[in-house]
Amino acid sequence: MRWSQAFIPTLKETPAEAEILSHKLLLRAGLVRKLTGGLYILLPLGLRVLRKIEQIVREEMNRAGALEVLMPALQPPEIWQQSGRYQTAQGVLFKARDHAKKEWVLGPTHEEVITTLLAGELSSYRQLPKNFYQIQTKFRDEIRPRFGLMRAKEFVMKDAYSFDTTDEAAQISYQKMYDAYARIFQRCGLKTMAVEADTGVMAGKFSHEFMVPAETGENEVAWCEQCHYAANVEKASSRATPTETASGGNPEKFATPGVATIDDLTRPPFGVPACRQIKTLVYIVENKPVLILMRGDHQLNEAKLTGTLGTATFRPAEAEEIVSALKARPGSLGAVDVKELPVHADETLHGAANMTTGANEDGFHLRQVDIGRDITVTKWSDLRLARAGEPCSKCGHPLRLQRAIEVGHVFKLGTKYTEAFNACFLDEAGQKHPAIMGCYGIGVTRTLQAVIEQSNDKDGIIWPLNVAPYAVCLTPLNVAPDSAVMKLAEDLYAALSARGVEVILDDRDERPGFKFKDSELIGFPIRVGLGEKSLAKGEVELKVRGGALTPVKVEEALEKVLERLKL
RNA sequence: CGGGGCGUAGCGUAGCUUGGUAGCGCGCUUGGUUCGGGACCAAGAGGUCGUGGGUUCAAAUCCCACCGCCCCGACCA
């Protein structure tokens, strides 16, 4: 490609809309432009990168035995009703109407469609295992799109769906995808970590997320340097400091005027450490109040609560709801002698004794509470948010917390959809079973931006070779057609092109600094600088983006470039 | 949806408090000088000041409503 023929609108200044570095670079390097919030136009250079990533994904999916299909983005709402997600996915479903006023949904994902397909085609165990994938545009009515391509209303996703006859076989399919994902991100030049992921209401199943460590990430992962345990904080467990278990006697009510928080009670004249308090939270779970008990110094992890409750339909109670449930206002809440409400307690509190908690009477608390003796706990679970520095639950080494961008997710689904759609097969004995399903997603557009977020310097993007829009940028400093510099550039351009190298020739009549800055902003892996000065010495300049500049002999230039590209 | 910020030329912005002919930088056009790290000089083009209403002799500026964008939070199948 000749630069003068291309469309690469680079910007010296950053548009005000961009906050994070990768978003700024996407715009400045002329890769994308915004149409409106959450919707972006991929410009030629950005599209080239996207296609590269897609191709890597495609190759690795094929290698793992998955079969490419293309499903409609537009879907009938009936299948969403059939799976039950018409309601549960309300928040993210885009809907449209046709001329006859019939409603349609724009697919945020395709479990319903692929399972409908399988329901019609699957009959025998001999047809399994199968794994179908597609690379396609998805639509999600994001509550708040942000950070450019990171969270958009419309984005390119690779989604795959595996079907197996047994749990063991499904596990193999899962592992194949897990391994393929590791290769995909590696080939994209991304450092990722695979972390255990929360599975929401489908608790107990298996899931991993592929995370790109980045401070701008919307997720947080907990990980252990020693044993390599890694999990999304929504899922992560850790060991808490020990809880007091020696009883101090019978509960004793005492006045605590004005005390409204755990923190208030730690201060004089009370001086009760947070770890010796029981925090009582009231949630409205499917319209009914439920008490949640945490140790005073711990925080509730709502993702874990979802797992324990088996529903995501809950919210913190309003003040009036709390008063009507416990006859006291927040600040003096407790679970002692509460018999009529479900009480979920964090397992850290197991055996806790001599604790302080609200008395369910405004301005009063109870001390010397032994949870086993004084509180009726309905269910014990791990409900605690893991914190940095807490011992790893596997090996005891302090956990570290790291923000990260989720670029891939592998998920063992089980039979939720295959049962709903009757996607069943007959086994060797003629018994009918629903196929066991897995689903696997990669945010392709998000991956593009994640690469930029992870690979840049003060001058711009540093594209990993495999996903670079062009591998080589030829930069002649004199573009007069009859100049020796330009003639050499043309020769190299032709020679590299003939070898299948993706090369862009910066034939713009611009000053050297301008052209250098542009090529660095965009981040081509290799730049070959051709100028009168070096040519006089029989040399050209080979510059590796983010690396050193080396003079090479003109007659060796082609070989040296090819050599660099092999790496 | 709650909280905060912003909307002035393609981009970045000043002007708004205290109403009075809309300014600067980048980019763009033309000419000239330059030419190894985002050049310089000169001359130009380019603006419904987000939209609608109100106050006023007069509104970018004050008031009301709406729209859009960005950030934080809720949400995240």
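Remember, predicted model here, so these are calculated numbers, not experimental data. Every chain is numbered from 1, with letters handed out A, B, ... down the list of sequences.
No contact: A/E406 has no heavy atom under 4.0 Å from any strand. Counting non-hydrogen atoms under 4.0 angstrom, A/A18 reaches nothing in the nucleic acid. Nucleic acid contact class of A/G531 (heavy atoms, under 4.0 Å, all strands): base. Nucleic acid contact class of A/P15 (heavy atoms, under 4.0 Å, all strands): sugar-phosphate only. Across all strands, A/K515 comes closer than 4.0 Å to no nucleic acid atom at all (heavy-atom distances). Contacts of A/E17 with the nucleic acid, taken as non-hydrogen atoms under 4.0 Å apart, involve only primed sugar atoms and P, OP1 or OP2. Counting non-hydrogen atoms under 4.0 angstrom, A/N478 reaches nothing in the nucleic acid. If you check every strand for non-hydrogen atoms under 4.0 Å, A/L93 touches nothing. Counting non-hydrogen atoms under 4.0 angstrom, A/T88 reaches nothing in the nucleic acid. Nucleic acid contact for A/Y86: none, since no nucleic acid atom lies under 4.0 Å from a heavy atom of the residue. Among the protein residues, A/R527 comes within range of the nucleic acid bases, having at least one heavy atom under 4.0 Å from a base atom.
Listed candidates were B/rA39, B/rG36, B/rC69. Nearest to the side chain of A/P512 is B/rG36. Residue A/F147 places its side chain closer to B/rC71 than to any other of B/rG36, B/rG12, B/rC71. Distance from the side chain of A/I143 is smallest to B/rC75 among B/rG38, B/rG36, B/rC75. Closest approach to the A/K12 side chain among B/rC26, B/rA39, B/rC75 is made by B/rC26 (side chain taken as heavy atoms from C-beta onward). Side-chain atoms of A/E520 lie closest to B/rG37 of the nucleotides B/rG37, B/rC35, B/rC69.
B/rC26 atom C1' lies 12 Å from atom CZ of A/R28, rounded to whole Å. In this entry the distance linking CZ of A/R146 with P of B/rC76 reads 13 Å, nearest Å. Rounded to whole angstrom, the span from the CZ atom of A/F516 across to the P atom of B/rC35 amounts to 15 Å. Rounded to whole Å, atom P of B/rA39 lies 10 Å from atom NZ of A/K517. Between A/I405 atom CD1 and B/rC76 atom P the separation is 21 Å, expressed in whole Å. The distance from atom CG of A/L11 to atom C1' of B/rG38 is 13 Å, rounded to the nearest whole Å. Per the geometry, CZ belonging to A/R151 stands 11 Å off P belonging to B/rC72, to the nearest Å. Straight-line distance from the CZ atom of A/F514 to the P atom of B/rC26: 13 Å, rounded to whole Å.
The backbone N or O of A/G441 lies less than 3.5 Å from a partner atom in the side chain of A/Y181, making a donor-acceptor pair. The main-chain N or O of A/D198 is never found under 3.5 Å from a side-chain atom of A/E234 such that the two would form a donor-acceptor pair. The closest donor-acceptor contact from the side chain of A/N301 to the backbone of A/V233 lies under 3.5 Å.
Between B/rU56 and B/rC63, the distance separating the two C1' atoms is 12 Å to the nearest Å. Rounded to a whole angstrom, the distance from the P atom of B/rU13 to that of B/rG52 is 25 Å. Rounded to whole Å, the P atom of B/rA22 lies 37 Å from the corresponding atom of B/rG3. Rounded to the nearest Å, the gap between the C1' atom of B/rC67 and that of B/rG32 is 48 Å. Using C1' as the reference atom, B/rG27 and B/rC69 are 23 Å apart when rounded to the nearest Å. Of the P atoms belonging to B/rG53 and B/rU61, the separation is 14 Å, rounded to the nearest Å. Annotation: B/rC72 and B/rC66 have their C1' atoms spaced 24 Å apart (nearest Å). Nucleotides B/rG44 and B/rG23, compared at atom P, are 14 Å apart to the nearest Å.
When the shell of 6.0 Å around NZ of A/K95 is examined, it contains more than 12 heavy atoms from other residues, nucleotides or ligands. Counted within 6.0 Å of NZ on A/K153, heavy atoms from surrounding residues, nucleotides or ligands total more than 12; the atom is thus considered enclosed.
B/rG37 is unpaired under the criterion used here, namely a Watson-Crick or G-U wobble arrangement in which both key atom distances are under 3.5 Å. Applying the Watson-Crick and G-U wobble criteria (two distances, each under 3.5 Å), B/rG2 pairs with B/rC72. With both pairing distances under 3.5 Å, B/rG44 is matched to B/rC28 as a Watson-Crick or G-U wobble pair. For B/rC66, the paired base is B/rG50 (Watson-Crick or G-U wobble, both distances below 3.5 Å). Across every strand in view, B/rU13 sits in a pair with B/rG23 that passes the Watson-Crick or G-U test at under 3.5 angstrom.
You'll find a donor-acceptor pair under 3.5 Å spanning the side chain of A/E13 and the base of B/rG25, going by distance alone. Side-chain N/O atoms of A/R144 and base N/O atoms of B/rC76 include no donor-acceptor pair closer than 3.5 Å.
Defined by atom type and a distance below 3.5 Å, a donor-acceptor pair is present between the side-chain atoms of A/T10 and A/D518. Between the side chains of A/S83 and A/E111, no donor-acceptor pair of N or O atoms lies under 3.5 Å.
Toward the 5′ end of RNA chain B lies the nearest nucleotide of A/S534, the other residue of the pair A/K34 and A/S534 mapping further downstream. Across the interface with RNA chain B, nearest-nucleotide mapping of A/E218 and A/G513 shows A/G513 to be the residue nearer the 5′ end.
When the side-chain nitrogen and oxygen atoms of A/T10 are compared with OP1 and OP2 of B/rG38, none of them lie within a distance under 4.0 Å.
Every residue two or more places apart in sequence or in another chain that forms a side-chain contact (heavy atoms from CB on, under 4.5 Å) with A/P434 is listed here: A/T415, A/T418, A/E419, A/C424.
Taking the centre and axis of the six-membered ring of A/F155, the NZ or CZ atom of A/R446 falls outside the cone set by 45° and 6.0 Å.
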